[in-house]
Amino acid sequence: MKLFLDTANVEHVKMIAEWGVLDGVTTNPSLVAKEGKDFKKTILEMCKYVPCVSAQVTATDFAGMKKQGEQYASWHKNVYVKVPMTTEGLKALSYFRSKKIRTNTTLIFSASQALLAAKAGANIISPFIGRLDDVSEDGMGLIAEIMEIWMQNGFDCEVLVASTRHPRHIVDAAKLGAHICTMPFDVFSKLPNHPLTDSGIKKFQEDWEKVSKK
Ligand code: E4P
């Protein structure tokens, strides 16, 4: 399973990329607004570190999505145009596929939306599991349903588990065979940690110092 960082913070991308485990970045308008930096510069900086960076269109009609998406794709070969799951978005996905512009469909909340986006030609679909959990639905259950559909249909489209909230979400997504999982910096930072690793290192060091003093 590929691991993506969900951020518009270039320093965070650089930091995790240095671990050698980062496969891509997802951004969205809220994350970009939070950092308050130039959008194009941010995307281009991130493209130096990873082969897949999602840049989201803000237009809601096909013509506007087409214009923004073509512009973003021209910035760098690593850019994936992020398109919202609407009927206008489906038209845009189909158009971008015909132009070999790669896409990620965002705001997927049901299996029928996932199916339509894949059929329209999306390269990636992003079901948002945390936001489903927030309204008492079963986010990981949706991933299980989508992976079952994918097993039967063989779509040329990767399933990206988005809106993750904690490390267990990443482990469960991997067990279900999801292709990609994106997560915020604080969740990514928790993945390498375990208190027994810390206490184990401390003990090894203490024992080693005792011997070396003899
Ligand atoms: C994914 O591409 C989205 O940017 C993201 O995962 C949304 O997560 P949130 O529900 O924490 O905002």
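Scope of the values below: all heavy atoms of this structure, side chains included, with no hydrogens, waters or symmetry mates.
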Handout entry: Under 3.5 Å: donor-acceptor pair, side chain of H179, backbone of V159
Key = yes

Exercise for the section: Report yes if some heavy atom in the side chain of V187 is under 4.5 Å from a heavy atom in the side chain of P167; otherwise report no. Expected result: yes

Practice task
Look at the side chain of N153 and the backbone N and O of F155, then say whether any donor-acceptor pair between them is shorter than 3.5 Å.
Solution key: no

Practice task
Drop me the distance from M147's CE to M140's CE, to the nearest 0.5 angstrom.
Solution key: 11.5 Å

Exercise for the section: Using a cut-off of 6.0 Å, state whether more than 12 heavy atoms not belonging to E70 lie near its atom CD. Expected result: yes

Fill in the blank from the handout: On a heavy-atom basis, the closest approach of A55 and Y72 is O-CD1, 3.6 Å

Exercise for the section: State the CG-CG distance between D38 and L44, to the nearest 0.5 angstrom. Expected result: 9.0 Å

Practice task
Kindly determine whether E18 and K14 satisfy salt bridge (Lys or Arg N to Asp or Glu O under 4.0 Å), including the steps that lead there.
Solution key: CA-CA 6 Å; E18 282 170 356; K14 186 171 179 282; 3.4 Å; yes

Handout entry: N/O donor-acceptor pair under 3.5 Å between E137 side chain and D133 backbone
Key = no

Exercise for the section: State, with a plain yes or no, whether a side-chain heavy atom of C181 is found less than 4.5 Å away from one of F4. Expected result: no

Completion exercise
Taken to the nearest 0.5 Å, the spacing of H169 NE2 from I143 CD1 works out to 9.5 Å

Exercise for the section: Determine, step by step, whether E45 and K41 satisfy the salt bridge (Lys or Arg N to Asp or Glu O under 4.0 Å) criterion, reporting the C-alpha distance in whole Å, the side-chain angles of both residues, the deciding distance to 0.1 Å, and the verdict. Expected result: CA-CA 6 Å; E45 271 297 302; K41 273 191 196 153; over 6 Å; no

Fill in the blank from the handout: Tracing side-chain contacts under 4.5 Å among Ile, Leu, Val, Met, Phe, Trp and Tyr outward from L31 reaches none

Problem - No-hydrogen, no-angle side-chain donor-acceptor test under 3.5 Å, Q68 and T58 - result: yes

Problem - No-hydrogen, no-angle side-chain donor-acceptor test under 3.5 Å, T26 and T182 - result: yes

Practice task
Would you mind listing the cluster partners of I201? Hydrophobic ones only (ILVMFWY), side-chain contacts under 4.5 Å, chaining allowed.
Solution key: none

Handout entry: H166 backbone acceptor or donor facing T164 side chain under 3.5 Å
Key = no

Exercise for the section: Hey, could you give me the CD/CZ distance between E11 and F185, rounded to the nearest 0.5 Å? Expected result: 10.0 Å

Problem - Verdict with reasoning, K203 to D198, per salt bridge (Lys or Arg N to Asp or Glu O under 4.0 Å) - result: CA-CA 9 Å; K203 179 82 170 71; D198 297 339; over 6 Å; no

Exercise for the section: Using atom types as modelled and distance alone, determine if a side-chain donor or acceptor of Q113 lies under 3.5 Å from a backbone N or O of S110. Expected result: yes

Show me the donor-acceptor pairs within less than 3.5 Å that the side chains of residues 78-94 make with the rest of the protein, sequence neighbours left out.
unit_1 : atom_1 : unit_2 : atom_2 : d
N78    : ND2    : C47    : O      : 3.1
N78    : ND2    : V50    : O      : 3.0
Y80    : OH     : R102   : NH1    : 3.2
K82    : NZ     : T27    : O      : 2.8
T86    : OG1    : E88    : N      : 3.4
T86    : OG1    : G89    : N      : 2.8
E88    : OE1    : F62    : N      : 2.8
E88    : OE2    : K91    : NZ     : 2.6

Problem - Residue from N28, N104, T106, D6 passing side-chain hydrogen bond (donor to acceptor under 3.5 Å, both in side chains) with S126 - result: N104

Practice task
Keeping the roles fixed (side chain from W150, backbone from C157), state whether a donor-acceptor pair exists under 3.5 Å.
Solution key: yes

Exercise for the section: Spell out, as yes or no, whether a donor-acceptor pair under 3.5 Å connects the side chain of D23 to the backbone of L3. Expected result: yes

Exercise for the section: Verify, without hydrogens or angle tests, whether E158 (side chain) and I180 (backbone) share a donor-acceptor contact under 3.5 angstrom. Expected result: no

